Visitor: 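Before I ask anything, here is the structure I am working with.
Atoms within each ligand, like the ligands themselves, are counted from 1 in listed order. Predicted, not measured: the structure shown is a model, and the values here were computed from it. One is the number of the first residue; the rest follow in order along the sequence.
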Amino acid sequence: MTLHLDIAAVSILIRENGVEAALTQLAEYIEQDYRRWPEFEVSPRSACHSPLGVLELMPIADHSLYSFKHVNGHPANAAKGLLTVYAFGVLSDVATGTPLLLADMTLLTALRTAATAAVAGRALTRKNSRVMAMIGCGSQAEFQILAFKALLGIAEVRVFDIAPAAMDKLTQNLAASGLTIIAAASVREAVKGADIVTTATAAKTKQAVITPDMLEPGMHINGIGGDCPGKTELHPDVLRAARVVVEYEKQTRHEGDIQQLPADFPVTELWRILTGVEPGRQGEGEITVFDSVGFAIEDFSALRFIRDLAKGHEIGRAIELMPELSDPRDLYRLVKA
Ligand SMILES: NC(=O)c1ccc[n+]([C@@H]2O[C@H](COP(=O)([O-])OP(=O)(O)OC[C@H]3O[C@@H](n4cnc5c(N)ncnc54)[C@H](O)[C@@H]3O)[C@@H](O)[C@H]2O)c1
């Protein structure tokens, strides 16, 4: 039987565990899996584009587990009362093909994106980074902020969104977080003096939310929303001024902010930094960019994490996703009159 965790079950598990604790624990799963990079069979995700958005399938496997995530990205969905990004995923046993877990991954996607950003941030930000700017205050934003609080100790966040209601929502959601949250009047105001700048805007177009004149020595930019062909957030000169780190070069060249630059623009894959093959931050003044698009390994980690978290809880539902037959070679029996 396969364990099914729907959004209600995932929400209960995360709420009872605590969001910051979940981000910290999940970051360890993600870092462990990135460090095992050569053990994985990796491939860029398959994407089906339409004028309004994208549907993606993200598979990956190591020698014992296989996972995939079905995820969308539809920036205009909010106007229809739908999420911009929602997802579900499956974790299966490689030896038999048995699906072990079917889980809603809408919350898990926000958690794993934030935890991955903080794992990259640990390697790339200046020590004692305390001030973060958050541009785009939609579904991902609180998770991004709490991950940088839990893993890096940020204390102050300047937020900006073109929709004032989104800023109000974020400020209310994080009112008890212990963070100082300041609503800024513009991107420029939010970014000025920030150690870490996270962009998580949603628009199906080439935006330049961060421009080179906003850069300051030592700044770390965590670009989340430039994650599809024709969808960017960072001006190309921001990338040219920085050391750029990516999840998986082959996928990010096509989907990330670096899609704006020639194919030989130098980038470093995150796993190489996490395994010590390449250095993390190199000096106080270095400007760094994590050009995040989301990679399947993070979903693999998230599914492992939630499966472990569910153990010992009476939660979820056992479903027969893989048919159990008395004679596994007699499938016809199911339709015989
Ligand atoms: N890298 C990853 O792994 C990953 C994972 C999940 C989501 N994403 C991307 O992150 C982005 C945010 O996702 P979400 O679920 O929070 O979307 P959302 O629609 O819930 O929120 C997006 C917010 O961005 C704001 N915005 C749009 N343009 C802006 C601008 N120029 N300046 C300031 N604010 C602006 C909108 O008003 C909205 O509040 C999306 O582009 C999504 O595709 C990336």
Visitor: Checking contacts here: is it the side chain or the backbone of Ile224 that comes within 4.0 Å of ligand 1, counting heavy atoms only? Could be both or neither.
Guide: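 Looking at Ile224 and ligand 1, atoms from backbone and side chain both fall under 4.0 Å.
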Visitor: Is Arg112 paired with Asp299 through a side-chain N to carboxylate O contact shorter than 4.0 Å?
Guide: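 Salt bridge between Asp299 and Arg112, a charged N being under 4.0 Å from a carboxylate O: yes.
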Visitor: Heavy-atom distances under 4.0 Å decide this one: backbone, side chain, both or neither, for Ala166 against ligand 1?
Guide: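 It is the side chain that touches ligand 1; the backbone stays farther off.
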Visitor: Taking 4.0 Å as the limit for heavy-atom contacts, which would you say applies to Val293 with ligand 1: side chain only, backbone only, both, or neither?
Guide: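 It is the backbone that gets close, since no side chain atom is under 4.0 Å.
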Visitor: What is the distance from atom CG of Asp291 to atom CD of Gln259, rounded to the nearest 0.5 Å?
Guide: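 Answer rounded to 0.5 Å: 8.5 Å.
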Visitor: What residue and heavy atom of the protein are closest to atom 5 (C) of ligand 1, and at what distance?
Guide: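 Residue, atom and distance for the closest contact: Thr113 OG1, 3.2 Å.
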Visitor: Looking only at protein heavy atoms, identify the closest one to atom 20 (O) of ligand 1 and say how far it is in Å.
Guide: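 Checking every protein heavy atom, the shortest distance to atom 20 (O) of ligand 1 gives Ser139 N, 3.0 Å.
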Visitor: Which heavy atom of the protein is the closest neighbour of atom 38 (C) of ligand 1, given with residue, atom name and distance?
Guide: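 Checked against all protein heavy atoms, atom 38 (C) of ligand 1 sits closest to Asp161 OD2, 3.4 Å.
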Visitor: Quick one: look up the protein heavy atom nearest atom 9 (C) of ligand 1 and list residue, atom name and how far away it is.
Guide: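 In this structure, atom 9 (C) of ligand 1 has Asp227 OD2, 3.4 Å as its nearest protein heavy atom.
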Visitor: Identify the protein heavy atom lying closest to atom 40 (C) of ligand 1, giving its residue, its atom name and the separation to 0.1 Å.
Guide: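 Nearest neighbour among protein heavy atoms for atom 40 (C) of ligand 1, to 0.1 Å: Thr201 O, 3.4 Å.
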Visitor: For Lys231, take its heavy atoms, then give the atoms of ligand 1 lying under 4.0 Å from any of them.
Guide: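 This gives 40 (C), 41 (O), 42 (C), 43 (O) as the contact atoms.
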Visitor: Would you say the ring centers of Phe300 and Tyr29 fall short of 6.0 Å from each other?
Guide: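 No, ring centres 6.0 Å or more apart.
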Visitor: For Thr288 and His220, does a side-chain donor sit closer than 3.5 Å to a side-chain acceptor?
Guide: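 Looking only at side-chain atoms, His220 and Thr288 do form a donor-acceptor pair, the distance falling under 3.5 Å.
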Visitor: Just which atoms of ligand 1 are under 4.0 Å from any heavy atom in Arg112?
Guide: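 Checking each atom against Arg112, I get 3 (O).
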Visitor: Give a yes/no on ligand 1: does Glu298 have at least one heavy atom closer than 4.0 angstrom to it?
Guide: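 Judged by the 4.0 Å heavy-atom criterion, Glu298 does not count as contacting ligand 1.
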Visitor: Tell me the protein heavy atom at minimum distance from atom 13 (O) of ligand 1, and give that distance in Å.
Guide: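 I find the closest protein heavy atom is Gln140 CG, 3.3 Å.
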Visitor: Which ligand 1 atoms, with their elements, are less than 4.0 angstrom from a heavy-atom of Gly225?
Guide: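 What qualifies from ligand 1 is 9 (C), 10 (O), 11 (C), 41 (O).
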Visitor: Give a yes or no on whether a salt bridge exists between Glu56 and Lys69, defined as a side-chain N under 4.0 angstrom from a carboxylate O.
Guide: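 The answer is no: the pair does not qualify as a salt bridge.
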Visitor: Got a salt bridge between Arg45 and Glu255, using NZ or NE/NH1/NH2 to carboxylate O under 4.0 Å?
Guide: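 Result for this pair is yes, salt bridge flagged.
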Visitor: Check contact between Ala200 and ligand 1, using heavy atoms of the residue and a distance below 4.0 angstrom.
Guide: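 Ala200 counts as a contact of ligand 1 under the 4.0 Å cut-off.
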Visitor: Only heavy atoms count here, so choose which of Ala203, Gly223, Ala202 is nearest to atom 27 (C) of ligand 1.
Guide: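 Looking at heavy atoms only, the winner is Ala202.
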Visitor: Pick, from Thr84, Ile162, Asp299, the option with the minimum heavy-atom distance to atom 32 (N) of ligand 1.
Guide: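 The residue whose heavy atom sits nearest atom 32 (N) of ligand 1 is Ile162.
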Visitor: Short N/O distance, under 3.5 Å, between Gln207 and ligand 1?
Guide: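 Between Gln207 and ligand 1 (N or O atoms, distance only) the closest approach is under 3.5 Å.
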Visitor: Angle class for the Phe88/His70 ring planes (parallel below 30°, perpendicular above 60°, tilted otherwise)?
Guide: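 Phe88 vs His70 ring planes: parallel.
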Visitor: Looking only at protein heavy atoms, which one is nearest to atom 1 (N) of ligand 1, and how far off is it?
Guide: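 Ranked first by proximity to atom 1 (N) of ligand 1 is Ser292 OG, 2.9 Å.
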Visitor: Are Phe295 and Trp37 close enough that their ring centers fall under 6.0 Å?
Guide: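 That pair passes the under 6.0 Å test.
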Visitor: Return the CD1 to CG distance between Ile210 and Leu239, rounded to the nearest 0.5 Å.
Guide: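 The distance works out to 11.0 Å.
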Visitor: Got the closest protein heavy atom to atom 21 (O) of ligand 1, with its distance?
Guide: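 Residue, atom and distance for the closest contact: Gly138 CA, 3.2 Å.
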Visitor: Between Asp6 and Arg317, does any NZ, NE, NH1 or NH2 come within less than 4.0 Å of an OD or OE carboxylate oxygen?
Guide: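 Salt bridge flag = no for Asp6 with Arg317.
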Visitor: When you check the gap from the basic side-chain N to the acidic O, do Arg36 and Glu39 get nearer than 4.0 Å?
Guide: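 Yes, Arg36 and Glu39 are salt-bridged.
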Visitor: Ion pair present between Arg122 and Glu28, side-chain N to carboxylate O less than 4.0 angstrom?
Guide: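 Yes, this pair counts.
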